[in-house]
Amino acid sequence: MEIISQVERKLIVIDNADILLDDDTRRHISLDGKNQYLIIGRNPGKLFAAKENLFELVSSKAGEQTVFSIRPYL
């Protein structure tokens, strides 16, 4: 969390969030008004995320090409 708390006006991407984010970091992220976050994980707990903020990545095949899109999670 030390690195995250030192930056402002950034887009912070966190993959493997289920493993990397402890409760204190989740609390900091949910109250941080200075940065934007893209959090990749399966457990949105303790992030104060509303239904409108949760999306899931969907993939489909179009010939040999894989097409990715997002849709509402809940």
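Start at 1 with the first residue, then count along the sequence.
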Spacing of [X] atom [atom1] and [Y] atom [atom2] [to the nearest 0.5 Å]:
X     : Y     : atom1 : atom2 : result
Lys10 : Ile3  : NZ    : CD1   : 13.5 Å
Leu54 : Arg71 : CG    : CZ    : 13.5 Å
Asp32 : Glu8  : CG    : CD    : 8.5 Å
Leu20 : Ile40 : CG    : CD1   : 11.0 Å

message: When you group the ILVMFWY residues by side-chain heavy-atom contacts below 4.5 Å and let the links chain together, are Val13 and Phe55 in the same group?
response: no

message: With a 4.5 Å cut-off on side-chain heavy-atom distances among I, L, V, M, F, W and Y, is there a chain of contacts connecting Ile70 to Phe68?
response: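 In one cluster with Ile70: Phe68, yes.
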
- request: Over all heavy atoms of both residues, which pair between Phe48 and Ser30 is shortest? Give the atoms and the distance, please.
  value: CD1-OG, 2.9 Å

task: May I ask you to decide if Gly41's main-chain N or O and Asp18's side chain share a donor-acceptor pair within less than 3.5 Å?
output: no

message: I'd like to know if the side chain of Asn35 reaches the main chain of Leu11, judged simply by a donor and an acceptor atom lying under 3.5 Å from each other, with no hydrogens or angles considered.
response: no

query: Between Leu47 and Tyr37, is any pair of side-chain heavy atoms under 4.5 Å apart?
result: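 Side chain of Leu47 against side chain of Tyr37, heavy atoms only: no contact under 4.5 Å found.
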
- request: Decide yes or no for Ile29 and Ile12: does some side-chain heavy atom of the first lie under 4.5 Å from some side-chain heavy atom of the second?
  value: no

- request: Show the numbers, then the answer: is there a side chain to side chain contact (heavy atoms under 4.5 Å, CB included) between Ile39 and Leu21?
  value: CA-CA 10 Å; Ile39 300 172; Leu21 299 180; 4.3 Å; yes

message: Please determine whether the number of non-hydrogen atoms from other residues, nucleotides or ligands lying under 6.0 Å from atom NZ of Lys61 exceeds 12.
response: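 More than 12 within 6.0 Å, yes.
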
field: Pairing of Lys46 and Asp23 as salt bridge, 4.0 angstrom limit
entry: yes

